[in-house]
Every structure is written in structure tokens, then in C-alpha cells.
Amino acid sequence: MEYLRPKTIDEAVELLAGGIPLAGGTRLNVDRSKLARVIDLQGLGLDILREVDGSINIGAMTKLQSLLSTDLPIPEALRAACRYEAAWNLRNQGTIGGLIMSASGRSPLLTVLSALSPRVHLEPGDAEVSLGELLERRKQVPIDFILLDFRFQIPTAAAYDYVARTPMDPPLVSAAAALHDDGGQRTIHLAVGGFGDHPSFWKKEHSALDQEEILASVTTSAQKVAENAGDDFASAAYRAEVAGILIRRVVSEVLE
């Protein structure tokens, strides 16, 4: 295996042909015998973690454990999901960028991030895209971009809930919600995970509808998201029913 450690982002982009970016290594090490070339991103200064104008800015090389140890106003739902995501040793090795680029819909952390609706910064091209766009682009082979960092607006409230076979298992179904209040215009961002390539997410304008009407609407939406989500772990009917229950819980929590 060829190991490369670029000193600049431009150099890292040039090396992408035929290689795979290496972050914390927790995912790539599982199949390292199949790797021909890795591009280690540790020397590029991508481990930033800061608050800027009411938003949290997180570098791709930031360790998962940093989300728990920082004094920044990280939403408690994101901290909780980080604890569910991995044990202490893996949190100290794994990076947020590596997780975003490799995690499936069963990831607690990716589910909460989906509800936070981050904007993602990529090179080349100094591009800023939505998380949804990134999750589609990560399917391409080979990867021809590097994730530098992402940012999300600090929500008014956020919540996460899940159902799993045991506390140590990935969720069978999970749900997250984040409430934003911009000058009286309230929007609820929602995500349902536990299956698929990545969580499903959408937003709901908090209009003049009363709370029960909002809860009924998001419950129906969550059930529809999971209506074809059957696999070896759970049936589609089970997931649809539980998704509706969980989304109702998290939305009720952020509206309290």
C-alpha cells in the first residue's frame, strides 16, 4: 500500500486520482489489505472546532470525542448521538469527516447531523453544498473531492431518540429534530435513520398550525419514509410504525 501525506490541500487534491483520503482510519483499516493508495489528511489543519456568528464550524479531521469535550454550545442531542455512535477509544481515533463520508443510515451521529442541516465545504472549487448533495456525491468512485469542514446554525432546540435491540446495537429506527426560529419564522428540520445508505431528512415550516396538527403531519411523513425499509433486521411495517412514534416524540420535545 502506498502511503502519502500531503502538506497542502491543493497537493491532496492532486493526489486523489487512484487514492482514498485517510482520516481517522477506523473504517479503512477494516479493509486495508485492499487499499492501493491512501492520502493522509492529518497535516492539513482540518481539525477546527469553533463558534462563528451563531453557527458551529467543525473541521473534517475533528475527532468525535472533541464534540463531547468542547465547551462550545454543541446541541445535547448531537453529544448524545456521539456517545451512542462509538465507544471512547474509537471516538478518540475516528473523525467527523470520516464518519460523514462512510456512515450508513444506522448511524446515530449522521442522523442528528442530518436534522441540523449543515452546509459542507469541499475542494476543489471552494464549493459549498448541502449535506444531501454530499451524501449523493460520496457514492461516486473514485472520490474526486476532499471534505474540509461543515457548519450548522445552532438550533433553538434539538432532540434525538432511537430503538435498538440492545444498547450496544446500532438503531433499528432513529429520529432527530431541530427547531430554528429566525425572527418569528419557525422551521423544524427532521431526520429518520436506522436503515438505508443514509438517513432521510426534510423540514417542516411551523406555520399557524397548532401542535397536534404539526405532530400528525410529521408522523405521517416519517411513516411514509420508512414504508419500504424492511431488511434482515426489521420489517418495513415495524419501522414505519416506530418511525412515526419516534418523530412525534422528538418534535414534541423541541416544541416544549
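Partners of R106 under the side chain to side chain donor-acceptor pair (under 3.5 Å) rule, at least two apart in sequence or in another chain, do not exist in this structure. For H180, the ring pair (Phe, Tyr, Trp, His ring centres under 6.0 Å) test picks out H189, with sequence neighbours left out. Qualifying side chain to side chain donor-acceptor pair (under 3.5 Å) partners for R248, counting only residues two or more places apart in sequence or in other chains: E212.
When each of L122, I100, L131, L134 is checked for a side-chain contact (heavy atoms from CB on, under 4.5 Å) with F150, only I100 meets the rule. A side-chain contact (heavy atoms from CB on, under 4.5 Å) with R239 is found for exactly one of L172, V192, V225, namely L172.
When only modelled atom types and interatomic distance are considered, Q93 and N89 share no side-chain donor-acceptor pair under 3.5 Å. A side-chain donor-acceptor contact under 3.5 Å links E133 and S130. For the residue pair K204 and S217, a side-chain donor N or O sits within less than 3.5 Å of a side-chain acceptor on the partner.
Checking side-chain atoms of E241 against main-chain N and O of A243 turns up no donor-acceptor pair under 3.5 Å. Of the possible polar contacts, none joining the D40 side chain to the G43 backbone as a donor-acceptor pair under 3.5 Å is found.
Taking 4.0 Å as the cut-off between side-chain N and carboxylate O, R83 and E76 count as a salt-bridged pair. With respect to the salt-bridge test (charged N to carboxylate O, under 4.0 angstrom), the residues R151 and E51 do not qualify.
No continuous path of hydrophobic side-chain contacts links L116 to I48 [ILVMFWY only; heavy atoms under 4.5 Å].
Using a 4.5 Å heavy-atom threshold, the side chains of C82 and R79 count as separate. In this structure, the side chains of V251 and T219 stay at 4.5 Å or more apart for every pair of heavy atoms. Y162 has its side chain out of reach of P108: every pair of non-hydrogen atoms, C-beta onward, lies at least 4.5 Å apart.
In plain terms, the two heavy atoms of D149 and G59 that are nearest each other are CB-CA, 3.7 Å.
Atom NZ of K7 has 12 or fewer neighbouring heavy atoms from other residues, nucleotides or ligands inside a 6.0 Å radius. For D126, the CG atom is densely surrounded, since the number of other residues' heavy atoms within 6.0 Å is greater than 12.
Taking CG of L67 as the start and OG1 of T62 as the end, the distance is 7.5 Å to the nearest 0.5 Å.
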